[in-house]
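All remarks here apply to the structure that follows.
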Amino acid sequence: MINLKNINKSYSQGGNQFHVLHDINLAIDAGEYVSIIGQSGSGKSTLINIIGFLDDQFEGEYQFNDTQIQTLKRAELTPFRNASVGFIFQNFKLIRTMSVSDNIALPLLYAGEKRRQVQARIDEQLTRVGLPDVGDKLPTALSGGQQQRVSIARALVANPSFLIADEPTGALDSRTSAEIMQLFKELNDQGTTIILVTHDPNVAAATKRTVEILDGRIIADSEVSS
Amino acid sequence: MRFSELVKASWHALIANPKRSFLTTIGIIIGIASVVTIMSLGAGVKKQMLRDLDTTQTGQQTAEIYYNSRDMFLNEPGFDNRDVTMLMDANLKGVAKVEILQQTKKIGMTAIINDSQQAMTADLVNKPVKQPIVAGQNLTTYDFEVKNPVMLMSDKLATKMYTTAANAVGTSVTVQQTTYTVIGVYHNKAADARLPKPLYLNSSTGKQGNGIKLTFKPGAQVSVGAKQALHQLKKSGSHHRDGRYEYIDMGKLLKGISKSISGITYFVAAIAGISLFIAGIGVMNMMYISVSERTQEIGVRLALGATPKNIMMQFLLEAIILTVSGGVIGLVIGTSVAAVASMAMPFRAIVTPASVALAFGVSTAVGIVFGLLPAKQAANKNLIDILR
């Protein structure tokens with residue numbers, strides 16, 4: 001599904017040229033549960049920005065199913081991202097002034113659907129993440145773990161090809177973290193492709209494949225022995 | 001994203017911060033309210049001028065001259081047929097017709113009661129009126145039909161002239177050569193007597209009144225003819241020794257008001273312009289603050305599939321909703337202020353479609369002009385920088 005060939009990325013800051021990604025080659029198939037692990041500054045965030053169609057300024061080839069991403073215009077990338085990726089962030093990034101349901105509805109509304117047509121799917125996703133009755137509440141009325149579940153529901157609602165979870169447990173305590181990781185495992189068992197970014201080897205160990213990045217290079221890519 | 005969803009999202013963001021949103025609209029409210037007030041007053045005075053100035057409903061131009069008696073106790077009307085003849089003979093410029101404005105309700109007159117001349121006031125009635133009768137009997141429909149010269153006298157006048165009410169019944173009162181028989185005494189404080197109106201007005205010298213109406217030929221200058229008439233009356237009017245004639249030049253009056261209103265209009269327009277400009281800056285300021293406060297939200301929306309155009313529209317709509325709400329509130333306030341102001345003016349303020357359109361147009365324009373730059377800034381945020 002995801003096929004990266006010789007991806008290089010550099011940017012300049014204060015007159016200095018930084019080469020953040022060196023000749024990245026990475027293939028991820030549908031249904032995989034992959035963790036990308038690395039220190040901060042290793043380039044893992046840059047890599048997932050490219051994988052998640054947030055960043056189209058790179059050299060090399062990115063083939064997603066049958067599409068060559070580097071040939072798309074920026075305006076074409078937005079609907080592509082809307083339909084293909086679900087994002088889960090470290091600090092949830094829910095919009096605080098909107099109800100849980102409205103937050104989850106956003107990807108569908110931006111895809112051009114009508115508000116009253118989407119309620120059933122929102123309720124379905126909320127049930128899936130174990131929060132069937134919070135639709136009318138504001139995100140601030142929920143605990144951190146619950147907020148992260150809501151953001152997972154939001155990532156799932158448009159039925160994307162894969163999820164990108166950027167340090168999903170970074171803001172949670174260890175017990176809640178374990179619950180979220182269990183939820184990811186269940187989703188993967190149901191067939192959802194998940195790419196999880198972390199600096200925590202324990203979190204990475206809960207996935208099925210780990211890709212280790214150091215100084216912009218992939219230094220290890222291995223199946224997790226269970 | 002559907003437009004209705006964008007509007008909803010914008011509305012949501014505004015009511016999430018009601019105090020700030022309301023404070024931002026105050027400038028717009030004041031600006032629009034003052035513009036609407038002054039436009040309504042202007043429209044009111046214009047309409048009054050067209051309608052009342054010198055044109056009657058049939059398209060004729062008229063002017064009225066009034067007489068005020070110098071002697072408070074002499075209630076005789078100031079105009080009679082001599083004045084009409086005199087004015088017609090004077091060949092006034094542009095005047096086609098002269099007629100007395102007959103008083104039709106409560107009038108003052110001089111009457112001969114119990115052989116002495118008395119000033120009295122009388123109600124003129126067209127049909128019998130039910131009321132407590134102290135002595136004698138009430139007027140009947142039959143009296144009106146056959147034009148019986150009968151009348152009622154008030155208990156106050158009756159006791160003054162004849163000691164008791166019963167004594168007054170059957171006596172006679174002479175008004176302008178017509179002698180009325182008092183058939184009853186009734187209780188009334190407002191007037192001294194009640195006379196049948198048809199009989200009073202038809203009596204030979206009945207054409208009397210305290211006002212005179214001049215009708216002009218089409219295209220004539222009303223004030224010129226009216227002033228000539230006034231001059232004639234002052235010199236040789238039937239009652240020129242006992243009182244004063246007065247011509248109220250409505251045209252001049254309204255023209256004066258109109259002139260000062262158009263002066264005020266420019267002044268208020270200038271203030272409103274400044275107010276709207278400052279209000280616009282306030283909107284812009286609030287939108288910039290909002291954009292920078294909601295950087296994360298913008299990032300999330302972009303990541304979830306919003307296009308930069310969606311983001312720009314959302315913030316632009318926020319600014320427009322803000323200013324248009326201010327415009328609507330301003331319209332309501334302006335209308336009420338104009339309505340209250342008309343109470344103290346000789347005309348009624350009118351809210352024209354033009355001022356409604358102006359309120360909406362100007363407030364939308366302010367929203368667009370001052371919302372565009374912040375909205376553009378929101379749309380041009382770099383997604384990767386935001387999500388870092």
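Basis for what follows: all heavy atoms, side chains included, without hydrogens, waters or symmetry-related copies. First the proteins, then the strands, lettered A, B, ... as listed; each starts at 1.
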Given a strict heavy-atom distance threshold of 4.5 Å, which part of A/P107 is in contact with chain B: side chain, backbone, both, or neither?
both
For A/F18, is the CZ atom crowded, meaning more than 12 foreign heavy atoms sit under 6.0 Å from it?
yes
Write out the donor-acceptor pairs between chain B and chain A under 3.5 angstrom, atom names and distance to 0.1.
{"unit_1": "B/R2", "atom_1": "NE", "unit_2": "A/G112", "atom_2": "O", "d": "3.1"}
{"unit_1": "B/Q296", "atom_1": "OE1", "unit_2": "A/K93", "atom_2": "NZ", "d": "2.7"}
{"unit_1": "B/R301", "atom_1": "NH1", "unit_2": "A/Y110", "atom_2": "OH", "d": "2.7"}
{"unit_1": "B/L302", "atom_1": "O", "unit_2": "A/R81", "atom_2": "NH2", "d": "2.9"}
{"unit_1": "B/A303", "atom_1": "O", "unit_2": "A/R81", "atom_2": "NE", "d": "3.4"}
{"unit_1": "B/L304", "atom_1": "O", "unit_2": "A/N82", "atom_2": "ND2", "d": "2.6"}

Tell me, yes or no, whether the heavy-atom count around B/F277 atom CZ, taken from other residues, nucleotides or ligands under 6.0 Å, exceeds 12.
no
For A/F89 and B/A303, work out which heavy atoms get closest and say how close.
CZ-CB, 4.2 Å
Heavy-atom pairs under 4.5 Å with chain B - which of A/L108, A/L54, A/L94 has more of them than the others?
A/L54
Residues in side chain to side chain contact (heavy atoms under 4.5 Å, CB included) contact with B/V337, at least two apart in sequence or another chain:
B/T37, B/I333
